[in-house]
Amino acid sequence: MKLNISDTFNKELPADPNRNNTRRQVFEAGFSYVTPRVPSNPQLVHASDEMIRAIGLKERDKNSKAFLEVFSGTKVMEGTAPYAMCYGGHQFGSWAGQLGDGRAINLAEVVHEDKRWALQLKGAGETPYSRSADGLAVLRSSVREHLCSEAMYHLRVPTTRSLSLMLTGDEVLRDMLYDGNADYEKGAVVCRVAPSFIRFGNFQIFAARRDVKNIRELTDYTIRHFFPTIKEGTKEGYIQFFQEVANRTLDMVIHWQRVGFVHGVMNTDNLSILGLTIDYGPYGWLEGYDDNWTPNTTDKGHRRYRFGHQPSVAYWNLAQLGNALYPLVEEAKPLESILENYKSDFAEKYQIMMRSKLGLKEEVQTDTELIKELENILQVTETDMTIFFRNLSNISNVHQVIDNPDFLAPVKDAFYKPDELNSEIVKAWREWFEKYIKRLSLESSSDEQRQQDMNSVNPKYVLRNYMAQLAIDKANKGDFSLIDELYQMLKEPYAKQPEHEQWFAKRPEWARHKVGCSMLSCSS
Ligand code: AMP
Ligand code: MG
């Protein structure tokens, strides 16, 4: 196993002079050198063949001793200096001070085919940023992170990736439901991969400490390596940088809304400066379409991070990043106008995205209304979002709605209680479908073409919460086969894959309230 190691990060940002894993406040430094914890009996559960190749390894390397040792944290590679990053963040709207990589350790950066990847272990023990927690992760949350990272990539949602998932052989104490019933679970480590794991919170921590010198260094570093078209060291450059981060964040959230992904913990420390989906914790997928749904039990009261609120939270988070960058720009106006534009850009891009879900290529004035009305009915009829949009593409532009008692047949599978739709709801659906079919007649593409277009934005397979849970239950018993089955299937979420038809189905009733299948806690 041979990796092409580069260490730009370590050379270019100020390091914490105190080299150890002890918990502490770290000032005037972007990161601290740490040593990963040696697991007692590491075992490979699963590896992403694509990421193995992306970082320059061969598939057979995953069975090597070196792979097991490096990606479980057992051995530090020669010529590398693992580190944990310092960041702060707003958690649920309140400034939380220093947070940092409490259980994430960057092993190294590797270069392959002109791409630079940071490799980061999650769950490899305490760091200066672990606060009162243990720095560990459990199998349950690690399976979820590993599978979802890869699934999101194939859905074309910007995301961090996952190379490998290992059991540590150690037990980890967790109070999964926060009800005082703590229990031991299997410990695990995931190796995440991304060009960079820098978050909004990395900028915020320096700003909170009035450390302008380091905000500038971090921003220049980020621009230099990840935004090469922008000029570092200038006010215009910093403004452009903020604009670019806003654009990327907006695009990411639009994708989340398109596929029905709910992040669950959109704290500013969980927003990537590269606009990548990061930190897969108590995330979830919409089953029944519901704007108010959040998978996160910790957020049950206020539902700050509910599905329908994600675009506004991204805006709020960008405003916090804008505050952190203000000392570099010293003018509020340009930053404010970027935030203002976010709102109008969002409205426009959201419409474009929704039109694509409906197979509408032309732009007609009444489309906004058509989309709004659909959202309203979806909200009041318990409808599986994924199945609804996927099956909508089966409708022809001459589909008969008037005088057809079975006009809902093409999308009926998406309803949780298809036989209990009351007459008012059926009437609302009828009106909507009448408008939709009429609207389709303004399109120039054929039914076949439209179906193809719609099927390329409306996935057939997503990582439904209960599917991940089934894979976890098996993995806990030592059977990793379902993890690979789901991994393989989710590589082609838009393809028909008839052999996987069983996963193109509504959540089974047993999963409605089962832990892990509907709501999740942060305790992972
Ligand atoms: P989160 O919002 O779950 O991404 O985490 C918030 C903060 O808590 C971050 O600084 C994490 O690194 C830290 N954290 C979460 N879980 C643990 C853990 N088990 N041990 C140490 N730090 C943790
Ligand atoms: Mg986090």
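When a residue number appears, it is its place in the shown sequence, counting from 1. Since we're looking at a predicted model, the values are computed, not measured.
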Undergrad: Are the side chain of Gln98 and the backbone N or O of Arg24 linked by a donor-acceptor pair below 3.5 Å?
TA: yes

Undergrad: When the ring planes of His500 and Tyr461 are compared, do they come out parallel, tilted or perpendicular, using 30° and 60° as the limits?
TA: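 Correct class here is perpendicular.
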
Undergrad: Using a 6.0 Å distance limit plus a 45 degree cone around the ring axis, check whether Arg19 lies over the aromatic ring of Tyr33.
TA: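 Geometry flag: set, cation within 6.0 Å and 45°.
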
Undergrad: Testing the basics here: between Ser356 and Met454, what is the closest heavy-atom pair and its distance to 0.1 Å?
TA: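 Residues Ser356 and Met454, closest heavy atoms: O-CG, 4.1 Å.
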
Undergrad: Please check if atom CD in Gln502 has more than 12 non-hydrogen atoms from other residues, nucleotides or ligands closer than 6.0 Å.
TA: yes

Undergrad: Is there a donor in the side chain of Asp7 and an acceptor in the side chain of Asn10, or the other way round, less than 3.5 Å apart?
TA: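 Side-chain D/A pair, Asp7 to Asn10: absent.
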
Undergrad: How would you list all residue pairs meeting ring pair (Phe, Tyr, Trp, His ring centres under 6.0 Å) that involve residues 98-117, not counting sequence neighbours?
TA: none

Undergrad: Could you check whether Tyr238 and Asp220, counting side-chain N and O atoms only, form a donor-acceptor pair closer than 3.5 Å?
TA: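 Indeed, the side chains of Asp220 and Tyr238 share at least one donor-acceptor pair under 3.5 Å.
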
Undergrad: For the residue pair Ile198 and Leu218, what are the closest heavy atoms and their distance?
TA: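 Minimum heavy-atom separation between Ile198 and Leu218: CD1-CD1, 4.1 Å.
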
Undergrad: Does a side chain donor of either Glu109 or Thr8 reach within less than 3.5 Å of an acceptor in the other side chain?
TA: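 Result is yes, a qualifying pair exists.
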
Undergrad: Are the side chain of Trp285 and the backbone N or O of Arg464 linked by a donor-acceptor pair below 3.5 Å?
TA: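 Between the backbone of Arg464 and the side chain of Trp285 there is no qualifying donor-acceptor contact (under 3.5 Å).
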
Undergrad: Side chains of Asn317 and Thr268: do they bring a donor and an acceptor to under 3.5 Å?
TA: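 There is no such pair (donor and acceptor under 3.5 Å, judged by atom type) between the side chains of Asn317 and Thr268.
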
Undergrad: Between Phe9 and Phe31 (judged by ring centroids, cut-off 6.0 Å), do the two rings come close enough to count as a pair?
TA: yes

Undergrad: Tell me whether the count of non-hydrogen atoms from other residues, nucleotides or ligands lying under 6.0 Å of OH in Tyr184 goes above 12.
TA: no

Undergrad: Show me the pairs that pass ring pair (Phe, Tyr, Trp, His ring centres under 6.0 Å) and involve residues 128-172, at least two apart or across chains.
TA: His46-His146

Undergrad: Tell me whether Glu28 at atom CD has more than 12 heavy atoms from other residues, nucleotides or ligands lying less than 6.0 Å away.
TA: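 Open: at most 12 neighbouring heavy atoms sit under 6.0 Å from CD of Glu28.
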
Undergrad: What is the minimum heavy-atom distance between Ala471 and Leu482, and which atoms define it?
TA: N-CD2, 3.6 Å

Undergrad: Answer yes or no on whether Arg144 is positioned over the face of Tyr283, meaning its NZ or CZ is under 6.0 Å from the six-membered ring centre and within 45° of the axis.
TA: yes

Undergrad: Sort and list the pairs that fulfil side chain to side chain donor-acceptor pair (under 3.5 Å) and have at least one residue in residues 319-330, not counting sequence neighbours.
TA: Lys235-Glu330

Undergrad: Which class fits the ring pair Tyr466 and Trp503: parallel under 30°, tilted 30 to 60°, perpendicular over 60°?
TA: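 The rings of Tyr466 and Trp503 sit tilted, inter-plane angle from 30° to 60°.
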
Undergrad: Applying salt bridge (Lys or Arg N to Asp or Glu O under 4.0 Å), run through Glu217 and Arg224 and close with a yes or a no.
TA: CA-CA 10 Å; Glu217 282 205 22; Arg224 185 154 67 244; over 6 Å; no

Undergrad: Looking only at heavy atoms, what is the nearest atom pair of Asn20 and Thr22, with distance?
TA: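 Here Asn20 and Thr22 meet closest at OD1-OG1, 2.6 Å.
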
Undergrad: Would you check, one step at a time, whether the test side-chain contact (heavy atoms from CB on, under 4.5 Å) holds for Asn267 with Arg199?
TA: CA-CA 10 Å; Asn267 293 333; Arg199 305 140 187 270; over 6 Å; no

Undergrad: Is the Tyr221 ring parallel, tilted or perpendicular to the Phe226 ring (thresholds 30°, 60°)?
TA: perpendicular

Undergrad: More than 12 foreign heavy atoms under 6.0 Å from CD of Glu113: is that the case here?
TA: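 Open.
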
